[in-house]
Number of protein chains: 2
Amino acid sequence: MLKLTKKVDYALLALNLMAKAEEGGISNVRDIAALYSIPPEILAKVMQKLSKSGLIQSHSAPKGGYSLKIPAEEISVLKVLVAVEGPVGIVSCSDGTDKTCQQRGQCDIRSPLEKLQNNILWFLEALSIRELGQEPAVLKGVTDGSSLFGQPLHHKG
Amino acid sequence: MLKLTKKVDYALLALNLMAKAEEGGISNVRDIAALYSIPPEILAKVMQKLSKSGLIQSHSAPKGGYSLKIPAEEISVLKVLVAVEGPVGIVSCSDGTDKTCQQRGQCDIRSPLEKLQNNILWFLEALSIRELGQEPAVLKGVTDGSSLFGQPLHHKG
DNA sequence: TTTATCGCAGACCATTTTAGTCTGTAATCA
DNA sequence: TGATTACAGACTAAAATGGTCTGCGATAAA
(Lines give C-alpha, C1' and ligand atoms only; values in the text may rest on other atoms or scores of the structure.)
Protein backbone atom coordinates (compact mmCIF):
# COMPACT_ATOMS: atom_id res chain seq x y z
CA MET A 1 0.00 0.00 0.00
CA LEU A 2 1.16 3.52 -0.82
CA LYS A 3 3.62 1.88 -3.17
CA LEU A 4 4.65 2.91 -6.66
CA THR A 5 4.07 0.18 -9.24
CA LYS A 6 6.86 -1.49 -11.17
CA LYS A 7 5.63 0.19 -14.33
CA VAL A 8 6.18 3.58 -12.73
CA ASP A 9 9.61 2.48 -11.55
CA TYR A 10 10.46 1.40 -15.07
CA ALA A 11 9.20 4.67 -16.53
CA LEU A 12 11.29 6.71 -14.11
CA LEU A 13 14.40 4.67 -14.83
CA ALA A 14 13.93 5.03 -18.58
CA LEU A 15 13.15 8.73 -18.42
CA ASN A 16 16.10 9.36 -16.16
CA LEU A 17 18.31 7.62 -18.68
CA MET A 18 16.89 9.66 -21.54
CA ALA A 19 17.29 12.85 -19.55
CA LYS A 20 20.96 12.13 -19.12
CA ALA A 21 21.39 11.30 -22.82
CA GLU A 22 22.47 13.87 -25.36
CA GLU A 23 20.00 16.58 -26.26
CA GLY A 24 17.49 14.95 -28.61
CA GLY A 25 19.29 11.64 -28.26
CA ILE A 26 17.31 8.53 -29.13
CA SER A 27 16.99 5.45 -26.96
CA ASN A 28 15.20 2.26 -27.91
CA VAL A 29 13.19 -0.09 -25.74
CA ARG A 30 15.41 -3.11 -26.24
CA ASP A 31 18.54 -1.36 -25.02
CA ILE A 32 16.92 0.23 -21.98
CA ALA A 33 15.20 -3.02 -21.03
CA ALA A 34 18.51 -4.89 -21.28
CA LEU A 35 20.36 -2.30 -19.22
CA TYR A 36 17.89 -2.45 -16.34
CA SER A 37 16.82 -6.10 -16.69
CA ILE A 38 13.23 -5.11 -17.44
CA PRO A 39 10.95 -7.35 -19.55
CA PRO A 40 11.03 -5.53 -22.91
CA GLU A 41 7.33 -6.03 -23.62
CA ILE A 42 6.42 -4.30 -20.39
CA LEU A 43 8.74 -1.43 -20.94
CA ALA A 44 7.38 -1.10 -24.49
CA LYS A 45 3.89 -0.54 -23.16
CA VAL A 46 5.08 1.90 -20.58
CA MET A 47 6.92 3.90 -23.23
CA GLN A 48 3.83 3.93 -25.42
CA LYS A 49 1.84 5.47 -22.60
CA LEU A 50 4.50 8.10 -22.01
CA SER A 51 4.40 8.81 -25.72
CA LYS A 52 0.61 9.13 -25.79
CA SER A 53 0.81 11.56 -22.89
CA GLY A 54 3.19 13.75 -24.81
CA LEU A 55 6.17 13.32 -22.52
CA ILE A 56 8.30 11.54 -25.09
CA GLN A 57 8.49 11.36 -28.88
CA SER A 58 8.53 8.11 -30.82
CA HIS A 59 10.62 7.40 -33.92
CA SER A 60 9.33 4.23 -35.54
CA ALA A 61 12.15 3.11 -37.76
CA PRO A 62 15.44 1.21 -37.71
CA LYS A 63 17.83 3.07 -35.41
CA GLY A 64 14.70 4.73 -34.12
CA GLY A 65 13.29 4.73 -30.60
CA TYR A 66 12.23 7.45 -28.21
CA SER A 67 13.46 10.86 -27.21
CA LEU A 68 12.17 13.39 -24.70
CA LYS A 69 9.50 15.63 -26.16
CA ILE A 70 9.68 18.27 -23.44
CA PRO A 71 12.61 19.33 -21.26
CA ALA A 72 13.53 17.00 -18.40
CA GLU A 73 12.95 19.85 -15.95
CA GLU A 74 9.30 19.97 -17.01
CA ILE A 75 8.64 16.27 -16.58
CA SER A 76 7.49 15.78 -13.00
CA VAL A 77 7.20 12.45 -11.25
CA LEU A 78 3.48 13.16 -10.93
CA LYS A 79 3.14 13.55 -14.72
CA VAL A 80 4.88 10.22 -15.20
CA LEU A 81 2.69 8.60 -12.62
CA VAL A 82 -0.51 9.85 -14.17
CA ALA A 83 0.68 8.95 -17.66
CA VAL A 84 1.43 5.37 -16.68
CA GLU A 85 -1.25 4.58 -14.09
CA GLY A 86 -3.97 7.17 -14.43
CA PRO A 87 -5.34 9.53 -11.79
CA VAL A 88 -3.73 9.36 -8.36
CA GLY A 89 -5.58 9.42 -5.06
CA ILE A 90 -4.66 8.03 -1.67
CA VAL A 91 -8.38 7.68 -1.02
CA SER A 92 -10.59 6.09 -3.68
CA CYS A 93 -13.32 8.66 -3.32
CA SER A 94 -10.93 11.36 -4.49
CA ASP A 95 -9.73 9.97 -7.81
CA GLY A 96 -13.05 9.02 -9.39
CA THR A 97 -12.48 5.30 -8.76
CA ASP A 98 -15.06 4.70 -6.08
CA LYS A 99 -18.46 6.09 -6.96
CA THR A 100 -20.27 4.04 -4.35
CA CYS A 101 -18.31 4.60 -1.17
CA GLN A 102 -20.24 2.95 1.65
CA GLN A 103 -18.85 5.38 4.20
CA ARG A 104 -19.62 8.54 2.23
CA GLY A 105 -22.60 9.59 4.32
CA GLN A 106 -20.87 9.23 7.67
CA CYS A 107 -17.30 9.97 6.66
CA ASP A 108 -15.87 12.81 8.68
CA ILE A 109 -12.20 12.43 7.84
CA ARG A 110 -12.28 12.97 4.07
CA SER A 111 -11.33 16.61 4.07
CA PRO A 112 -8.10 16.23 6.07
CA LEU A 113 -7.13 13.16 4.09
CA GLU A 114 -7.56 15.09 0.89
CA LYS A 115 -5.30 17.80 2.19
CA LEU A 116 -2.74 15.19 3.06
CA GLN A 117 -3.12 13.88 -0.45
CA ASN A 118 -2.59 17.33 -1.89
CA ASN A 119 0.69 17.58 -0.09
CA ILE A 120 1.85 14.29 -1.51
CA LEU A 121 0.77 15.32 -5.00
CA TRP A 122 2.57 18.59 -4.58
CA PHE A 123 5.81 16.81 -3.81
CA LEU A 124 5.35 14.49 -6.74
CA GLU A 125 4.75 17.49 -8.97
CA ALA A 126 7.72 19.39 -7.56
CA LEU A 127 10.20 16.60 -8.25
CA SER A 128 11.33 16.50 -11.90
CA ILE A 129 13.12 13.65 -13.61
CA ARG A 130 16.06 16.00 -14.01
CA GLU A 131 16.44 16.13 -10.24
CA LEU A 132 15.84 12.42 -10.06
CA GLY A 133 19.14 11.75 -11.74
CA GLN A 134 21.20 14.15 -9.68
CA GLU A 135 23.25 13.33 -6.65
CA PRO A 136 21.49 13.73 -3.29
CA ALA A 137 23.61 16.75 -2.38
CA VAL A 138 22.40 18.58 -5.46
CA LEU A 139 18.71 17.99 -4.78
CA LYS A 140 16.64 20.97 -3.88
CA GLY A 141 15.11 21.33 -0.45
CA VAL A 142 11.69 20.20 -1.51
CA THR A 143 12.91 16.66 -1.97
CA ASP A 144 14.70 16.61 1.33
CA GLY A 145 12.63 16.24 4.45
CA SER A 146 15.54 16.94 6.76
CA SER A 147 16.27 20.38 5.34
CA LEU A 148 12.61 21.34 5.29
CA PHE A 149 11.69 20.15 8.73
CA GLY A 150 14.89 19.82 10.68
CA GLN A 151 14.04 16.27 11.67
CA PRO A 152 15.29 13.61 9.23
CA LEU A 153 13.39 10.35 9.31
CA HIS A 154 15.40 7.17 9.56
CA HIS A 155 14.07 3.85 8.37
CA LYS A 156 15.27 0.33 8.35
CA GLY A 157 16.01 -0.97 4.88
CA MET B 1 -1.37 2.77 -6.61
CA LEU B 2 -0.32 5.10 -3.83
CA LYS B 3 -3.67 4.33 -2.28
CA LEU B 4 -4.58 3.67 1.33
CA THR B 5 -6.29 0.33 1.84
CA LYS B 6 -9.83 0.00 3.09
CA LYS B 7 -8.54 -1.45 6.32
CA VAL B 8 -6.60 1.74 6.94
CA ASP B 9 -9.66 3.79 6.08
CA TYR B 10 -11.70 1.76 8.54
CA ALA B 11 -9.05 2.15 11.22
CA LEU B 12 -8.95 5.92 10.77
CA LEU B 13 -12.72 6.21 10.89
CA ALA B 14 -12.90 4.12 14.05
CA LEU B 15 -10.04 5.92 15.77
CA ASN B 16 -11.47 9.28 14.85
CA LEU B 17 -14.75 8.25 16.42
CA MET B 18 -13.02 7.06 19.56
CA ALA B 19 -10.98 10.24 19.75
CA LYS B 20 -14.17 12.27 19.77
CA ALA B 21 -15.76 10.05 22.43
CA GLU B 22 -15.55 10.83 26.10
CA GLU B 23 -12.22 10.43 27.81
CA GLY B 24 -11.75 6.70 28.33
CA GLY B 25 -15.05 6.04 26.61
CA ILE B 26 -15.59 2.54 25.25
CA SER B 27 -16.76 1.72 21.74
CA ASN B 28 -17.49 -1.76 20.45
CA VAL B 29 -16.91 -3.19 17.01
CA ARG B 30 -20.54 -3.91 16.22
CA ASP B 31 -21.66 -0.32 16.82
CA ILE B 32 -18.81 1.27 14.86
CA ALA B 33 -19.26 -1.16 11.97
CA ALA B 34 -22.97 -0.41 11.85
CA LEU B 35 -22.41 3.35 11.94
CA TYR B 36 -20.02 3.33 8.99
CA SER B 37 -21.44 0.33 7.09
CA ILE B 38 -18.27 -1.66 7.54
CA PRO B 39 -18.29 -5.50 7.60
CA PRO B 40 -17.94 -6.16 11.33
CA GLU B 41 -15.53 -9.08 10.89
CA ILE B 42 -13.11 -6.87 8.97
CA LEU B 43 -13.29 -4.08 11.48
CA ALA B 44 -12.78 -6.61 14.27
CA LYS B 45 -9.46 -7.69 12.78
CA VAL B 46 -8.37 -4.13 12.22
CA MET B 47 -9.13 -3.26 15.83
CA GLN B 48 -7.19 -6.29 17.01
CA LYS B 49 -4.14 -5.06 15.14
CA LEU B 50 -4.50 -1.60 16.62
CA SER B 51 -4.77 -3.23 20.02
CA LYS B 52 -1.65 -5.36 19.49
CA SER B 53 0.24 -2.25 18.45
CA GLY B 54 -0.68 -0.57 21.69
CA LEU B 55 -2.77 2.23 20.18
CA ILE B 56 -5.99 1.08 21.76
CA GLN B 57 -7.04 -0.96 24.78
CA SER B 58 -9.43 -3.86 24.63
CA HIS B 59 -12.10 -4.70 27.20
CA SER B 60 -13.38 -8.19 26.56
CA ALA B 61 -16.70 -8.37 28.30
CA PRO B 62 -20.35 -7.46 27.93
CA LYS B 63 -20.58 -3.68 27.53
CA GLY B 64 -16.88 -3.93 26.75
CA GLY B 65 -15.08 -2.88 23.60
CA TYR B 66 -12.13 -0.65 22.87
CA SER B 67 -10.83 2.64 24.15
CA LEU B 68 -7.78 4.72 23.21
CA LYS B 69 -4.68 3.63 25.09
CA ILE B 70 -2.67 6.77 24.30
CA PRO B 71 -3.85 10.34 23.68
CA ALA B 72 -5.36 11.04 20.26
CA GLU B 73 -2.69 13.68 19.69
CA GLU B 74 -0.02 10.99 19.86
CA ILE B 75 -1.66 8.63 17.39
CA SER B 76 -0.32 9.58 13.99
CA VAL B 77 -1.75 8.39 10.69
CA LEU B 78 1.62 6.73 10.07
CA LYS B 79 1.34 4.73 13.31
CA VAL B 80 -2.11 3.55 12.27
CA LEU B 81 -0.86 2.64 8.84
CA VAL B 82 2.05 0.63 10.16
CA ALA B 83 -0.12 -1.06 12.76
CA VAL B 84 -2.65 -2.19 10.19
CA GLU B 85 -0.52 -2.89 7.11
CA GLY B 86 3.06 -3.17 8.26
CA PRO B 87 6.09 -1.20 7.08
CA VAL B 88 5.44 1.52 4.50
CA GLY B 89 7.58 2.23 1.47
CA ILE B 90 6.72 3.79 -1.88
CA VAL B 91 9.52 1.70 -3.35
CA SER B 92 9.73 -1.99 -2.48
CA CYS B 93 13.48 -1.91 -1.99
CA SER B 94 13.02 0.49 0.93
CA ASP B 95 10.59 -1.40 3.12
CA GLY B 96 12.27 -4.78 3.23
CA THR B 97 9.72 -6.31 0.86
CA ASP B 98 11.87 -6.78 -2.22
CA LYS B 99 15.14 -8.49 -1.43
CA THR B 100 15.85 -9.38 -5.03
CA CYS B 101 15.31 -6.16 -6.96
CA GLN B 102 16.36 -6.78 -10.55
CA GLN B 103 17.27 -3.14 -11.04
CA ARG B 104 19.36 -2.80 -7.91
CA GLY B 105 22.74 -2.85 -9.65
CA GLN B 106 21.86 -0.22 -12.23
CA CYS B 107 19.36 1.83 -10.27
CA ASP B 108 20.38 5.46 -10.12
CA ILE B 109 17.14 7.00 -8.86
CA ARG B 110 16.77 5.25 -5.53
CA SER B 111 18.21 7.97 -3.37
CA PRO B 112 15.89 10.76 -4.55
CA LEU B 113 12.90 8.46 -4.38
CA GLU B 114 13.74 7.62 -0.82
CA LYS B 115 13.89 11.28 0.04
CA LEU B 116 10.50 11.73 -1.55
CA GLN B 117 9.31 8.83 0.54
CA ASN B 118 10.68 10.40 3.68
CA ASN B 119 8.66 13.50 2.98
CA ILE B 120 5.50 11.48 2.61
CA LEU B 121 6.22 9.56 5.80
CA TRP B 122 6.90 12.81 7.59
CA PHE B 123 3.47 14.13 6.66
CA LEU B 124 1.85 10.89 7.72
CA GLU B 125 3.65 11.12 11.04
CA ALA B 126 2.79 14.80 11.49
CA LEU B 127 -0.95 14.26 11.09
CA SER B 128 -2.62 12.90 14.22
CA ILE B 129 -6.06 11.40 14.46
CA ARG B 130 -6.99 14.33 16.65
CA GLU B 131 -6.46 16.68 13.73
CA LEU B 132 -8.19 14.21 11.45
CA GLY B 133 -11.49 14.91 13.12
CA GLN B 134 -11.24 18.66 13.17
CA GLU B 135 -12.69 21.07 10.70
CA PRO B 136 -10.42 22.01 7.77
CA ALA B 137 -10.02 25.56 9.07
CA VAL B 138 -8.57 24.27 12.31
CA LEU B 139 -5.95 22.06 10.66
CA LYS B 140 -2.39 23.08 11.10
CA GLY B 141 -0.35 24.24 8.14
CA VAL B 142 1.43 20.97 7.71
CA THR B 143 -1.74 19.33 6.48
CA ASP B 144 -2.63 22.14 4.15
CA GLY B 145 -0.77 22.34 0.89
CA SER B 146 -2.26 25.66 -0.06
CA SER B 147 -1.02 27.50 2.98
CA LEU B 148 2.40 25.94 2.74
CA PHE B 149 2.93 26.44 -0.94
CA GLY B 150 0.52 29.10 -2.06
CA GLN B 151 -0.81 26.90 -4.84
CA PRO B 152 -3.71 24.64 -3.91
CA LEU B 153 -4.15 21.58 -6.05
CA HIS B 154 -7.60 20.89 -7.37
CA HIS B 155 -8.87 17.45 -8.30
CA LYS B 156 -12.01 16.04 -9.72
CA GLY B 157 -14.04 13.96 -7.28
C1' DT C 1 11.26 -2.39 -53.44
C1' DT C 2 12.41 -5.46 -50.25
C1' DT C 3 13.58 -6.35 -45.57
C1' DA C 4 15.27 -5.75 -40.98
C1' DT C 5 14.35 -2.77 -37.19
C1' DC C 6 11.78 -0.23 -34.70
C1' DG C 7 7.13 1.17 -32.35
C1' DC C 8 1.80 0.08 -31.88
C1' DA C 9 -2.05 -2.57 -30.18
C1' DG C 10 -4.49 -5.69 -27.62
C1' DA C 11 -5.77 -10.25 -26.06
C1' DC C 12 -4.34 -13.37 -22.71
C1' DC C 13 -2.55 -15.60 -18.38
C1' DA C 14 -0.15 -15.82 -13.70
C1' DT C 15 0.73 -13.90 -9.42
C1' DT C 16 -0.01 -11.04 -5.66
C1' DT C 17 -2.67 -8.15 -2.93
C1' DT C 18 -6.81 -6.80 -1.00
C1' DA C 19 -11.41 -7.57 0.66
C1' DG C 20 -14.52 -10.22 2.74
C1' DT C 21 -16.56 -14.71 4.86
C1' DC C 22 -16.91 -18.43 8.02
C1' DT C 23 -16.06 -21.03 12.13
C1' DG C 24 -14.75 -21.56 16.57
C1' DT C 25 -12.33 -20.10 21.16
C1' DA C 26 -11.55 -17.21 25.35
C1' DA C 27 -12.59 -13.63 28.64
C1' DT C 28 -15.80 -11.07 31.48
C1' DC C 29 -19.76 -9.62 33.86
C1' DA C 30 -24.66 -9.56 35.10
C1' DT D 1 -24.32 -19.92 33.52
C1' DG D 2 -25.22 -17.60 29.59
C1' DA D 3 -25.19 -13.31 26.91
C1' DT D 4 -21.76 -10.31 25.12
C1' DT D 5 -17.65 -8.94 24.00
C1' DA D 6 -12.83 -9.66 21.93
C1' DC D 7 -9.36 -13.18 19.83
C1' DA D 8 -7.66 -16.23 16.22
C1' DG D 9 -7.07 -18.16 11.91
C1' DA D 10 -8.47 -20.77 7.87
C1' DC D 11 -10.76 -19.95 3.77
C1' DT D 12 -12.71 -17.81 -0.60
C1' DA D 13 -13.57 -14.02 -3.90
C1' DA D 14 -12.33 -10.13 -6.35
C1' DA D 15 -9.24 -6.80 -8.01
C1' DA D 16 -4.80 -5.03 -9.15
C1' DT D 17 -0.49 -5.98 -10.84
C1' DG D 18 3.06 -8.12 -13.54
C1' DG D 19 4.21 -10.51 -17.36
C1' DT D 20 3.58 -13.21 -21.99
C1' DC D 21 2.19 -13.90 -26.65
C1' DT D 22 0.82 -12.68 -31.25
C1' DG D 23 0.31 -9.86 -35.05
C1' DC D 24 0.27 -5.21 -37.38
C1' DG D 25 2.21 -0.63 -39.04
C1' DA D 26 5.97 2.74 -40.05
C1' DT D 27 10.45 3.84 -41.58
C1' DA D 28 14.94 3.84 -43.58
C1' DA D 29 18.74 1.46 -45.27
C1' DA D 30 20.34 -2.01 -48.42
Side-chain angles (χ1 to χ4, degrees), chain A residues 1-11 14 18 26-34 36-53 56-67 69 81 84-92 95 97-98 100-103, chain B residues 1-11 14 18 26-34 36-53 56-67 69 81 84-92 95 97-98 100-103:
Chain A
M1 164 220 39
L2 273 186
K3 193 162 293 184
L4 299 179
T5 64
K6 294 244 183 191
K7 288 181 185 174
V8 170
D9 287 347
Y10 297 160
M18 296 168 72
I26 292 184
S27 314
N28 71 67
V29 166
R30 189 169 41 81
D31 291 349
I32 302 176
Y36 292 115
S37 308
I38 301 171
E41 300 91 343
I42 297 266
L43 182 61
K45 292 195 179 188
V46 169
M47 299 298 271
Q48 285 163 29
K49 286 187 176 178
L50 295 176
S51 177
K52 277 192 175 176
S53 297
I56 62 178
Q57 172 76 53
S58 78
H59 308 275
S60 181
K63 304 285 176 188
Y66 293 97
S67 57
K69 194 172 183 180
L81 224 132
V84 174
E85 299 287 352
V88 184
I90 65 168
V91 282
S92 314
D95 70 350
T97 297
D98 190 351
T100 58
C101 174
Q102 293 294 308
Q103 286 73 45
Chain B
M1 163 219 37
L2 273 185
K3 194 163 293 184
L4 299 179
T5 63
K6 294 243 183 190
K7 288 180 186 175
V8 170
D9 288 347
Y10 298 159
M18 295 169 73
I26 292 185
S27 315
N28 71 67
V29 165
R30 187 170 41 82
D31 290 350
I32 302 177
Y36 292 117
S37 308
I38 301 171
E41 300 91 344
I42 298 265
L43 183 61
K45 293 193 178 191
V46 168
M47 299 298 271
Q48 285 162 30
K49 287 186 176 179
L50 295 176
S51 177
K52 277 190 176 179
S53 297
I56 61 179
Q57 172 75 53
S58 79
H59 309 273
S60 181
K63 304 286 177 187
Y66 293 97
S67 57
K69 193 170 183 180
L81 224 131
V84 175
E85 300 287 352
V88 183
I90 66 168
V91 282
S92 315
D95 70 350
T97 297
D98 190 350
T100 59
C101 174
Q102 293 294 308
Q103 286 73 44

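Keep in mind the model is a prediction, meaning the values are calculated, not measured.
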Distances under 3.5 Å only, N/O to N/O: pair up the protein atoms with those of nucleotides 24-30 of chain D.
unit_1: dG25(D); atom_1: N2; unit_2: S60(A); atom_2: OG; d: 2.9
unit_1: dT27(D); atom_1: O4'; unit_2: S60(A); atom_2: O; d: 2.8

Check: protein-nucleotides 19-21 of chain C nitrogen or oxygen pairs below 3.5 Å:
unit_1: dA19(C); atom_1: OP1; unit_2: K6(B); atom_2: N; d: 2.8
unit_1: dA19(C); atom_1: OP2; unit_2: K6(B); atom_2: N; d: 3.3
unit_1: dG20(C); atom_1: OP2; unit_2: Y10(B); atom_2: OH; d: 3.1
unit_1: dT21(C); atom_1: O4; unit_2: K45(B); atom_2: NZ; d: 3.1

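Between the NZ atom of K52(B) and the P atom of dC7(D) there is a distance of 9 Å, rounded to whole Å. Between K3(B) atom NZ and dA16(D) atom P there is a gap of 8 Å when expressed in whole angstrom units. Between the P atom of dG10(C) and the NZ atom of K49(A) lies a distance of 11 Å, rounded to the nearest Å. Between the CG atom of L43(A) and the C1' atom of dG7(C) there is a distance of 12 Å, rounded to whole Å. For the pair Q57(B) CD and dT28(C) P, the computed distance is 11 Å after rounding to whole Å. Atoms CD1 (I32(B)) and P (dT5(D)) sit 12 Å apart, rounded to a whole Å. Here the C1' atom of nucleotide dA27(C) and the CG atom of N28(B) are 16 Å apart, to the nearest Å. In this entry the distance linking OH of Y66(B) with C1' of dA27(C) reads 12 Å, nearest Å.
Between A11(A) and L50(A), the shortest heavy-atom distance links the atoms CB-CD1, 4.1 Å. Contact detail for V29(A) and L43(A): the closest heavy-atom pair is O-CD2, 3.7 Å. In plain terms, the two heavy atoms of H59(B) and S67(B) that are nearest each other are NE2-OG, 2.9 Å. Closest approach of Y66(B) and Q48(B) over heavy atoms only: OH-CG, 3.8 Å.
No donor-acceptor pair closer than 3.5 Å links the side chain of Q102(B) to the backbone N or O of Y36(A). Remark: the backbone N or O of M47(B) is not paired with any side-chain donor or acceptor of S51(B) at under 3.5 angstrom.
Among I38(A), V84(A), I32(A), the one residue that satisfies the side-chain contact (heavy atoms from CB on, under 4.5 Å) test with Y10(A) is I38(A).
In this structure, M1(A) reaches the sugar-phosphate backbone alone: every heavy-atom distance under 4.0 Å involves primed, P, OP1 or OP2 atoms, never a base.
Counting heavy atoms from C-beta outward, R30(A) and P40(A) have side chains that stay 4.5 Å or more apart.
Among residues two or more places apart in sequence or in another chain, the side chain to side chain contact (heavy atoms under 4.5 Å, CB included) test is passed with L2(A) by I90(A), L2(B), L4(B), L81(B), V88(B), L124(B).
Residue R30(B) places no side-chain N or O under 4.0 Å from the OP1 or OP2 atom of dT4(D).
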